[in-house]
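Take a look at the structure below.
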Amino acid sequence: MIHFHSPNPDGVTDSDKALLGINAPALVRPYLTLWRDERATPLISLASIAAETKVANVLVKDEGQRLGLGSFKALGGAYAVMTLFKRTLEERLGEEVSVAQLTSPRAREPAAGMTFCCATDGNHGKSVAAGARILGCRSVIFVHEGVTAARAEAIGADEVIRVPGNYDRSVDEAERVAMERDWCLVSDTSWEGYEEIPSLVAQGYTVLAEEALTQIGAAGIAPPTHVFLQAGVGGFASSISLHLSEALGERGIKTVIVEPDRAACLFVSAEAGRLTSFSPVESTIMAMLECYTPSLVAWRILNATASAFLTVTEEEAKIAMRRLAAHRPPIVAGESGAAGLAGYLSVATDPEARSRLGLTEQSRVLLINTEGATDPASYESIVGATADEVRQCSLSQPA
Ligand SMILES: Cc1ncc(COP(=O)(O)O)c(C=O)c1O
């Protein structure tokens, strides 16, 4: 299903632009030096899909290996944790501290006394836990009953708390316990009165958008005309969409939001013209997108930047995963990671949608594979091979 949308740019505030615009990545980059394995993720051209769908190019930014955590989420939660700890440390010491000093001996005792928490489907919690671990702080992560044992284990937190019910319930519970125990809640979704921290999380993601534009420029390719962004609560999509619009200025870019048809909270919000929760019936394999209430800030931004909201089925997501696995070089994309391609393929094969979104032979499409095989068993059952086997194919059969 597709909902065409007239973007209302007036909805974006100056503060949204300052947080996510062209200056944002430079604020985040110093914190990346605290990671051991920081490097740019690859940008890969899907030439055969571009030819088949009659556009100039389709590029995928592959976030599957970001900071060794398996998804772009590594950029957001950990960065927010580090920024918040820096503030706390400066208050404690009564002086400014550098990013390098966050892991110095003087920081150790204040760090040991701080607990960061959040609710997660998996990837955001992994990022918050990693940020806390780098600093020597404690992390407690809340997961809902649908999060698989393997995903909960992979979070690597000091403590993982199971909450009955769905993702939205785990968000409420994390907030309640954080208040009660005076823990620092680093949520990737926002609501009235709680916007600043989720905006920091979203600011972290701008690094990948800037990196993609730099890689595109370095390859001598013109910037994208369309971007398809998968959404859970919308924090990721709003960050990338606003950053790209600000960076590309008058050249402009059309944003299309892609959600599972079983968890389409932004789609129903766009249809209703106001923030609206989705009534869940069944769970989706796109587990990282299984959110039923949009982030307040994300909805405000996407209402201003998105040209369409669309839903994809479980089967479309599986097909997209297999197509990325079959590409040379192969791209290992989890269920949520492949959703952007699933959305693009559904638009590209729909003449009315193509025409309304101005998708032509000159169009340049940007997609983001937001995660690798973060649930290995599920990946293997859908693709018919493990992530390692898929990668091996690229070694044995060069492009
Ligand atoms: C792999 C992946 N893709 C996309 C998203 C969607 O991000 P958001 O919830 O900010 O919309 C998530 C969220 O956890 C994710 O883990």
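Order of appearance sets the numbers: ligands from 1, and atoms from 1 within every ligand. All residue numbers in this chain count up from 1 along the given sequence. All values below come from the heavy atoms of this structure, side chains included, with hydrogens, waters and symmetry mates left out.
- In this model, a donor atom of one side chain and an acceptor atom of the other lie less than 3.5 Å apart for Thr370 and Gln230.
- For a threshold of 3.5 Å applied to N or O pairs, the pair formed by Thr370 and ligand 1 contains at least one separation below that value.
- Considering both main-chain and side-chain atoms, Val233 comes within under 3.5 Å of ligand 1 through a nitrogen or oxygen pair.
- Using a non-hydrogen distance threshold of 4.0 Å, Phe72 registers as a contact of ligand 1.
- By the 3.5 Å distance cut-off applied to N or O atoms, Asn123 is counted among the residues near ligand 1.
- When only modelled atom types and interatomic distance are considered, Asn303 and Asn8 share no side-chain donor-acceptor pair under 3.5 Å.
- Between Ala231 and ligand 1 there is a heavy-atom distance shorter than 4.0 Å.
- No part of His124 comes within 4.0 Å of ligand 1, judged by heavy-atom distances.
- Any N or O atom pair closer than 3.5 Å counts here, and Gly232 shares at least one such pair with ligand 1.
- In the candidate list Ile368, Leu289, Leu229, Leu289 is nearest to atom 5 (C) of ligand 1, counting heavy atoms.
- At a cut-off of 3.5 Å, with distance as the only test, no side-chain donor of Arg133 or Ser139 sits close to an acceptor on the other residue.
- Residue Phe236 has at least one nitrogen or oxygen atom sitting less than 3.5 Å from a nitrogen or oxygen atom of ligand 1, judged on distance alone.
- Interatomic distance, Tyr379 OH to Glu371 CD, rounded to the nearest 0.5 Å: 11.0 Å.
- For the residue pair Thr284 / Glu314, a side-chain donor-acceptor distance below 3.5 Å is found, with atom types taken as modelled.
- Considering backbone and side-chain N/O of Gly234, one or more are found under 3.5 Å from N/O of ligand 1.
- No donor-acceptor contact under 3.5 angstrom links the side chains of Ser190 and Glu195, judged on distance only.
- Under a 4.0 Å criterion applied to the non-hydrogen atoms of Gly235, ligand 1 contributes the atoms 8 (P), 10 (O), 11 (O).
- A donor and an acceptor atom, one from each side chain of Glu290 and Tyr292, are located under 3.5 Å apart.
- Glu90 and Arg87 are not joined by a salt bridge, as no carboxylate oxygen comes within less than 4.0 angstrom of a charged side-chain nitrogen.
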